[in-house]
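None of the values given here were measured: they were computed from a predicted structure. Counting convention: from 1, in listed order, for ligands and their atoms alike.
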Amino acid sequence: MKVLIVKDYEQMSRIAADIIADIVRRNPSAVLGLATGSTPVGMYKLLSQFVEEKKASFKKVRTVNLDEYVGLGAEHEQSFAHFMRTHLFDSVDVAPNNTHIPNGLADDPQSECDRYHRLLQQLPQDVQVLGLGSNGHIGFNEPDTPFDSTTHTVRLAESTVRDNARFFASREEVPQTAITMGISEIMNARKIIVLASGKIKAQAVRAMVEGEVTPACPASVLQNHADCTVIVDEDAASLLTGNYR
Ligand code: F6R
């Protein structure tokens, strides 16, 4: 793993956006694996700016998102499909047909998982962006998810429901289940960028970077990836003991 410790959220977002823009400039039809949540918002804002300033184009880019809540349709304000349109897709020149995200309203979630798995086989990510759960999850692969998992439905951990309640009017409204890309499909990405910011992530960052590689901390599997860059701010890096400067 390459670990970059940066000053703050802005710097983290800037470095991540530069890496993604560079990948898209080299390969205009790159497949970008994308995440939702608070962490990548700054990066998406910068990417939107780059496109507006004609420093990058997403015209031929394909995207695959990590996850979606079961029971929320793309029009629901808390759905990840809505999040992606608001924070990125509506402000860049990506073709809507080239953006992919699991369907949270599928009648049969298992066949939706199978469909998404086949899609990922056709569209292996040139780069996968990941946020990090405070419990070490990546995507919605909660602790003890097998490393060989593919797209599946998951019952969210208590701590995840609690962490995500901030996006909903009340905790009761947070969906309990989601469809997530599996760990093996995340690991299949050519390159992985993990972003983490704030003290709330410090324990998980330490377990991911310096802990044992174990399903108890799903993000620790990234130590086995050939090209994984972790970009963390000072607060998120505060429990690391190695020398990464
Ligand atoms: C989002 C996702 C999650 C988040 C993680 C961190 O698509 O898959 O793993 O990346 O829960 O969320 P934030 O960035 O809100 O702290």
Side-chain angles (χ1 to χ4, degrees), residues 8-10 12-13 16-17 20 32-45 63-70 72 74 76 78-89 99-104 113 116 120 125 127-145 149-168 171 174-183 185-187 189 192-205 207-208 215 217-222 228 230-233 235-237:
D8 54 18
Y9 181 84
E10 280 64 41
M12 177 195 79
S13 305
I20 302 293
L32 308 182
L34 300 177
T36 58
S38 321
T39 313
V41 168
M43 178 191 82
Y44 291 147
K45 203 167 169 196
T63 69
V64 288
N65 260 81
L66 284 168
D67 39 23
E68 180 60 282
Y69 288 120
V70 168
L72 300 195
H76 191 287
Q78 262 67 44
S79 72
F80 290 159
H82 187 274
F83 175 101
M84 289 309 301
R85 289 200 305 278
T86 310
H87 291 284
L88 185 71
F89 298 157
T99 66
H100 305 280
I101 188 158
N103 176 7
C113 293
Y116 208 67
L120 293 170
Q125 309 93 306
V127 60
Q128 176 67 54
V129 177
L130 296 174
L132 179 65
S134 59
N135 65 356
H137 74 211
I138 48 176
F140 274 142
N141 293 283
E142 301 287 23
D144 297 324
T145 305
S149 56
T150 56
T151 303
H152 60 283
T153 54
V154 54
R155 190 169 173 80
L156 300 176
E158 265 300 300
S159 61
T160 300
V161 172
R162 208 169 41 237
D163 286 351
N164 289 355
R166 68 190 194 278
F167 298 112
F168 292 80
R171 189 169 163 172
V174 187
Q176 306 282 315
T177 49
I179 294 178
T180 183
M181 195 185 285
I183 293 180
E185 294 153 337
I186 291 174
M187 290 295 279
I192 295 181
I193 299 173
V194 193
L195 305 178
S197 159
K199 279 239 153 56
I200 193 178
K201 301 294 171 70
Q203 196 71 52
V205 167
M208 167 176 69
C217 175
S220 66
V221 73
L222 301 170
C228 177
V230 176
I231 311 174
V232 285
D233 68 7
D235 282 343

Structural part of D163 in contact with ligand 1, heavy atom criterion under 4.0 angstrom: neither
- prompt: Taking the six-membered ring for Trp, are the ring centroids of F80 and F167 within less than 6.0 Å of each other?
  reply: no
statement: ligand 1 atoms nearer than 4.0 angstrom to some heavy atom of K201 are 6 (C), 13 (P), 16 (O)
- prompt: With only distance considered, is G139 within less than 3.5 Å of ligand 1 through an N or O on each side?
  reply: yes
- prompt: Tell me: protein heavy atom nearest atom 8 (O) of ligand 1, and distance?
  reply: D67 OD2, 2.5 Å
query: How many angstroms lie between CG in L66 and CG in N141, if you round to the nearest 0.5 Å?
result: 8.5 Å
task: Could you list which atoms of ligand 1 come closer than 4.0 Å to a heavy atom of G37?
output: 14 (O), 15 (O)
message: Can you name the atoms of ligand 1, numbered from 1 with element, that are less than 4.0 Å from a heavy atom of G131?
response: 10 (O)
query: Are a donor atom and an acceptor atom from the side chains of N103 and Y116 found within less than 3.5 Å of each other?
result: no
- prompt: With a 4.0 Å heavy-atom cut-off (strictly under), which part of L66 contacts ligand 1: side chain, backbone, both or neither?
  reply: side chain
task: Please tell me if the side chains of R155 and Q176 come closer than 4.5 Å, counting only heavy atoms from C-beta onward.
output: yes
task: Indicate whether any N or O donor in one side chain lies under 3.5 Å from an N or O acceptor in the other, for Q203 and S134.
output: no
query: So, N135 and E142: side-chain donor and acceptor under 3.5 Å apart, yes or no?
result: yes
query: What protein heavy atom sits nearest atom 1 (C) of ligand 1, and how far off is it?
result: T36 OG1, 3.2 Å
message: Using heavy atoms and a 4.0 Å limit, tell me yes or no: is R166 in contact with ligand 1?
response: yes
- prompt: So, are R171 and E158 salt-bridged, with charged N and O less than 4.0 Å apart?
  reply: yes
Heavy atom of the protein closest to atom 6 (C) of ligand 1 (residue, atom name, distance): L132 O, 3.5 Å
task: Considering heavy atoms of the protein only, find what lies nearest to atom 5 (C) of ligand 1 and give residue, atom and distance to 0.1 Å.
output: H137 NE2, 3.4 Å
- prompt: Taking both backbone and side-chain atoms of T39, is any N or O found less than 3.5 Å from an N or O belonging to ligand 1?
  reply: yes
Aromatic ring pairing F83/H87, orientation class (parallel under 30°, perpendicular over 60°, tilted between): tilted
